[in-house]
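The analysis underlying the following values was restricted to heavy atoms, covering all of them including side chains, and did not include hydrogens, waters or symmetry mates. Counting convention: from 1, in listed order, for ligands and their atoms alike.
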Amino acid sequence: MSIDRKAILPGSTIGVLGSGQLGRMFAMAARRMGYRVHTFSPDEDTPTGQVADVEVTAPYDDLDAVRKFASSVSVVTFEFENVPGETAAAAACCAPVRPSGDVLHITQHRLREKTFLAKAGLPVTAFRRVMSVSELAEAARQIGLPAILKSAGFGYDGKGQARIYSPADFESAWQAVGETEAVLEAFVDFEREISVVAARSLDGQFTHYGAVENRHENGILDISIAPAGVPEQVVQNAVEIAREILEKLDVTGVLCVEFFLDKNGRLLVNELAPRPHNSGHFTFDANITSQFEQQLRTVCGLPLGSVVQLTPAAMANLLGDLWQDGEPDWAAATAVADVKLHLYGKSIARPGRKMGHLTALARTTEQALADVQRARRKLTADSCGTKTVPR
Ligand code: AMP
């Protein structure tokens, strides 16, 4: 297979905007292949910074610092889509930004994202833009209740969201999203949630990791099971929707499409993430090429790697709640064979904060799910084997 003439080769330096766990795992993949990694964010001693060659600490709106950062690398990518548009634009002065600032612009704002999807003829839940309580009442009249109000910008992991069951909830929901531009979305009584992590190379080649089943708790991903136990036709439909999205957005990089699968087998796109995704973490251990290496390959203009999954897998997130009675019992959890422990190097364990994850590899997804849940329970079981942390 030929390598793009403009490929950014091992030995080069990659710049990452953002410094969380996605950047950390990206940096691990990049360093393994002989690249250097610089990371930029307002924070210090970050999950990415601990692994990168250089950690730059500056606000995203310090555009001189952004330009200096971009001048020191061969390509800029991001691990956090809420990087301001001006930051991506400033970086683009000095290095290619992949995926482009346009992809970031659409996907960091729910309303722009949903409008893009609806205009492209892709299936989404009914939605309305809402700018006040009276507009909320009118939108609810049009799309019906129950519904979910979500802030248009800067939302993730269920933050900035409020469920609305009756008109009595309008005021509190409007306050919950910060009394700012929001989207009212019809509530989907879904059968399952699935996602497709996909990648597109600089020369337009497409690849994907199939459909993954996702289970959420309080709006935060809790468990992913790969492959998802859904009919092959559903997988094909989801992959075709993902392909269309990556092509229409002209993505160079990795993008995750999250879906609801309704009770009639119909897929609805919930949201897009223009980067590796929590539901693709299993690929680090289970696939020939992880989603992080794939991000590296795409942004560097290298050929795509094989996405073959070597064994069924299940991933369980480790949230800060697990620390509420002290340090989890790592030795007990790592005693479960075929379970891999990933910790992100975060020193403060707040409830709901993603601190790490476990991935179980097994002969069946059922076994992988049972193993990963057993390993996670062991983290907080006392010496009598009793769970001390409610989950
Ligand atoms: P989001 O941040 O939009 O991905 O929402 C987080 C989680 O909340 C989703 O994965 C779903 O479990 C739930 N959720 C969000 N929007 C809806 C909806 N319109 N209907 C039903 N559940 C939803």
Peer 1: Say you draw a straight line from OG of S306 to CG of N287; how long is it, rounded to the nearest 0.5 Å?
Peer 2: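 Going from OG on S306 over to CG on N287, the span is 8.0 Å.
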
Peer 1: Is it the case that the side chains of Q295 and T77 hold a donor-acceptor pair, with the cut-off being a distance below 3.5 Å and no angle test?
Peer 2: yes

Peer 1: Tell me whether R112 at atom CZ has more than 12 heavy atoms from other residues, nucleotides or ligands lying less than 6.0 Å away.
Peer 2: yes

Peer 1: Just verifying a value: how many Å separate R192 CZ and L267 CG, rounded to the nearest 0.5 Å?
Peer 2: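 Reported to 0.5 Å precision, the distance equals 12.0 Å.
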
Peer 1: With a heavy-atom distance limit of 4.0 Å, tell me whether N270 approaches ligand 1 through its side chain, its backbone, both, or neither.
Peer 2: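 N270 to ligand 1: side-chain contact only, backbone stays beyond 4.0 Å.
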
Peer 1: Look only at interatomic distance and state if F190 has a nitrogen or oxygen under 3.5 Å from any nitrogen or oxygen of ligand 1.
Peer 2: no

Peer 1: Regarding ligand 1, does A186 bring an N or O atom to under 3.5 Å of one of the ligand's N or O atoms?
Peer 2: yes

Peer 1: Looking at non-hydrogen atoms alone, which of R215, Q161, E217 comes nearest to atom 5 (O) of ligand 1?
Peer 2: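 Selected option, by shortest heavy-atom distance: Q161.
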
Peer 1: Would you tell me whether T48 and T46 have side-chain atoms, one donor and one acceptor, within less than 3.5 Å of each other?
Peer 2: no

Peer 1: For residues E138 and Q142, is any side-chain donor paired with an opposing acceptor at under 3.5 Å?
Peer 2: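 Q142 and E138 do have a side-chain donor-acceptor pair below 3.5 Å.
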
Peer 1: Would you say T125 and ligand 1 have an N/O pair spaced under 3.5 Å apart?
Peer 2: no

Peer 1: Which ligand 1 atoms are under 4.0 Å away from a heavy-atom of E193?
Peer 2: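 Numbered from 1, ligand 1 contributes 9 (C), 10 (O), 11 (C), 12 (O).
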
Peer 1: So which bit of R110 gets within less than 4.0 Å of ligand 1, heavy atoms only: side chain, backbone, both or neither?
Peer 2: side chain

Peer 1: Does only the side chain of V188 get under 4.0 Å from ligand 1, or the backbone, or both, or neither? Count heavy atoms.
Peer 2: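 The part of V188 near ligand 1 is both the backbone and the side chain.
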
